[in-house]
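Chain naming here is simple, since letters A, B, ... match the order of the sequence lines and numbering starts at 1 in each.
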There are 2 protein chains.
Amino acid sequence: VIHISIIGTGNVATHLAQAIAQSPLLRLDCVYGRSEEKLEPFKELTSTITSLNKIQNTGLLIVAITDDELKTMPDKIAVGDILTVHTSGSVSMRVFEKFERYGVFYPLQTFTAGRKIDVKKIPFCLEAKNKKDLEILKTVTQALGANHFVVNSEQRAKLHLAAVYANNFVNGILAEAKTLCEASGLPFKILRPLVEETFEKVFKIGPENAQTGPARRGDHETIKKQVAALPMDQKKLYIEITNSILRRYERKEL
Amino acid sequence: VIHISIIGTGNVATHLAQAIAQSPLLRLDCVYGRSEEKLEPFKELTSTITSLNKIQNTGLLIVAITDDELKTMPDKIAVGDILTVHTSGSVSMRVFEKFERYGVFYPLQTFTAGRKIDVKKIPFCLEAKNKKDLEILKTVTQALGANHFVVNSEQRAKLHLAAVYANNFVNGILAEAKTLCEASGLPFKILRPLVEETFEKVFKIGPENAQTGPARRGDHETIKKQVAALPMDQKKLYIEITNSILRRYERKEL
């Protein structure tokens with residue numbers, strides 16, 4: 001049984017704490033938070049503390065705080081020889097180089113308060129200063145029933161950017177689609193089967209093979225008509241996405 | 001039983017022909033195509049013809065051809081009093097105004113050769129010159145086990161544009177994500193759980209509530225870092241999508 005403590009009370013901390021508490025191969029020792037109020041949801045899972053000085057010996061310390069907070073955190077706490085990892089997509093492992101044993105435990109997923117995520121569907125990106133510690137992180141992901149990938153800090157930064165596209169940007173495009181859909185007087189849900197098929201196709205045959213539409217065909221006449229039909233403030237977005245597709249298929253850009 | 005004939009041999013024609021042939025409440029009379037070769041896949045379903053003059057009396061004629069071909073088609077064929085519909089998202093119903101009875105039968109879905117789509121998951125957008133004919137189109141979608149929406153030509157043009165975002169543009173963004181992912185040396189499938197959760201969240205809580213990331217937070221510092229990390233030809237796309245999200249949340253644009 002691996003003993004784990006968590007620093008942080010946000011969405012990542014909450015989801016990890018629940019998953020760790022449920023695993024028979026792991027034990028959640030303690031959760032640190034800034035206030036008793038923020039620790040409330042954790043109290044049914046384990047003991048909680050509001051002072052960093054009180055972090056006791058534990059097998060693994062997971063630091064799930066914001067990127068900004070991560071920068072100053074190593075100055076505020078002594079972890080001794082406890083293996084300490086952060087969960088950030090974009091912060092280098094070296095932020096912890098003051099520590100004896102350190103690494104990264106990055107869950108490649110989007111977490112929302114109040115929404116349960118099956119921990120088995122989280123790919124964990126692992127990195128550690130020492131080989132032995134990497135093995136400990138692998139064991140933890142296995143105990144959670146999740147998949148892991150060994151990813152260094154440079155790879156992780158690129159992967160995190162890919163995740164911005166796959167999550168934030170796809171969501172942003174679907175927000176535009178919803179606006180256009182509702183402008184036509186139809187409910188957004190009418191697009192659901194199309195979006196579902198879009199996602200299935202992307203992972204079945206690859207986005208480069210699944211691409212259809214006027215940009216894929218290089219059909220500049222239809223593209224012009226569609227740009228003309230858009231409200232002023234939406235034209236630039238349409239044009240840049242269309243250019244990215246035209247470019248991909250080596251066609252003339254707008 | 002409603003008798004149906006189809007003009008066209010593309011992906012829409014293929015998927016519709018299969019679904020119609022399988023319904024006990026519909027009968028597929030005939031499929032027209034330009035060549036015997038293109039008609040090959042239809043021959044196991046029904047009789048096929050290569051001359052438009054041979055279109056016999058049928059209950060409903062579905063014209064599933066390209067937008068360009070649609071423009072000249074009414075001059076090339078006499079349909080008499082057969083209810084004639086096209087399947088285009090962007091062409092007005094009036095393209096058929098020479099005909100006695102006409103309408104639109106637009107399947108809001110993306111069709112790919114060799115990929116089966118459950119017809120029950122296609123929302124059909126229906127429009128007809130006469131009320132009675134609209135009822136016939138509703139009966140056909142019911143016989144297919146599919147949902148229908150009554151959508152006029154103006155609404156349909158906007159909806160079609162929404163579909164370009166939901167399908168073509170989301171696919172284009174995921175192609176960029178794949179490129180970034182593979183540049184980090186990791187397989188595209190590592191993003192699948194994230195994309196799946198993105199999609200589920202969008203339709204559960206709406207894209208406006210599901211949005212996260214630096215643009216949602218108005219975090220210009222992180223945005224600048226990410227733009228700097230991108231290859232030159234990808235910066236503009238990143239900036240325009242980010243601007244569209246910043247705009248949506250009334251934050252300062254780049």
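For chain B, the option among A:Asn168, A:Leu180, A:Val164, A:Leu108 with the highest count of heavy-atom pairs below 4.5 Å is A:Asn168. Note: B:Asn167 leads B:Ile245, B:Thr179, B:Asn167, B:Ile205 in heavy-atom pairs under 4.5 Å with chain A. Of the residues considered (B:Gln211, B:Arg216, B:Lys236), B:Gln211 shows the highest number of contacts with chain A, using heavy-atom pairs under 4.5 Å. Counting heavy-atom pairs closer than 4.5 Å to chain B, the top-ranked of the candidates A:Thr112, A:Ile190, A:Ile173 is A:Ile190. Of the listed residues (B:Arg192, B:Lys204, B:Lys189, B:Glu208), the one with the most heavy-atom contacts under 4.5 Å to chain A is B:Arg192. If you tally non-hydrogen atom pairs under 4.5 Å between each of B:Asn147, B:Asn243, B:Ile241, B:Val151 and chain A, the highest count goes to B:Ile241. Most heavy-atom pairs under 4.5 Å with chain A: of the set B:Glu182, B:Glu221, B:Lys225, B:Lys201, this distinction falls to B:Lys201. For the options A:Thr222, A:Asp118, A:Asp67, A:Leu237, heavy-atom pairs under 4.5 Å to chain B are most numerous at A:Leu237. Per-residue heavy-atom pair counts under 4.5 Å with chain A were compared for B:Asn171, B:Thr110, B:Thr212, B:Leu191, and the maximum is reached by B:Asn171.
Formation of a donor-acceptor pair under 3.5 Å by the A:Lys71 side chain with backbone atoms of A:Val95 is not found in this model. Side chain of B:Lys235 to backbone of B:Leu230: a donor-acceptor contact under 3.5 angstrom is found. The closest donor-acceptor contact from the side chain of B:Ser23 to the backbone of B:Ile20 lies at 3.5 Å or more, if one exists at all.
Only the side chain of B:Phe149 comes within contact range of chain A, with at least one heavy atom under 4.5 Å from a heavy atom of that chain. In this structure, chain B has heavy atoms under 4.5 Å from both the backbone and the side chain of A:Asp233. Using a 4.5 Å cut-off between heavy atoms, B:Leu159 touches chain A through backbone and side chain atoms alike. B:Pro214 touches chain A through backbone and side chain together, each having a heavy atom under 4.5 Å away. In this structure, chain B has no heavy atom under 4.5 Å from any part of A:Ile239. Of the two parts of A:Phe199, only the side chain, counted from C-beta on, holds a non-hydrogen atom closer than 4.5 Å to a non-hydrogen atom of chain B. Proximity to chain B involves both the backbone and the side chain of A:Val170, based on heavy atoms less than 4.5 angstrom apart. Proximity to chain A involves both the backbone and the side chain of B:Val202, based on heavy atoms less than 4.5 angstrom apart.
Counting only N and O atoms by type, the side chains of A:Gln142 and A:Thr139 include no donor and acceptor under 3.5 Å apart. Under 3.5 Å, the side chains of B:Ser244 and B:Arg247 contain no donor-acceptor pair of N or O atoms. Judged purely by distance below 3.5 Å, without hydrogens or angles, the side chains of A:Tyr238 and A:Gln226 pair a donor atom with an acceptor atom.
For B:Val91 against B:Ser88, the heavy-atom pair with the smallest separation is N-OG, 3.1 Å.
Ion pairing of B:Lys121 with A:Glu197 is absent here, as no side-chain N (NZ or NE/NH1/NH2) approaches a carboxylate O to less than 4.0 Å. A salt bridge links B:Arg115 with A:Glu200: the closest approach of a Lys/Arg side-chain nitrogen to an acidic carboxylate oxygen falls below 4.0 angstrom. Salt bridge present: B:Arg34 and B:Glu69 bring a charged side-chain N and a carboxylate O closer than 4.0 Å.
Aromatic rings of A:His15 and A:Phe111 (six-membered ring for Trp) have centroids within the 6.0 Å cut-off, being under it.
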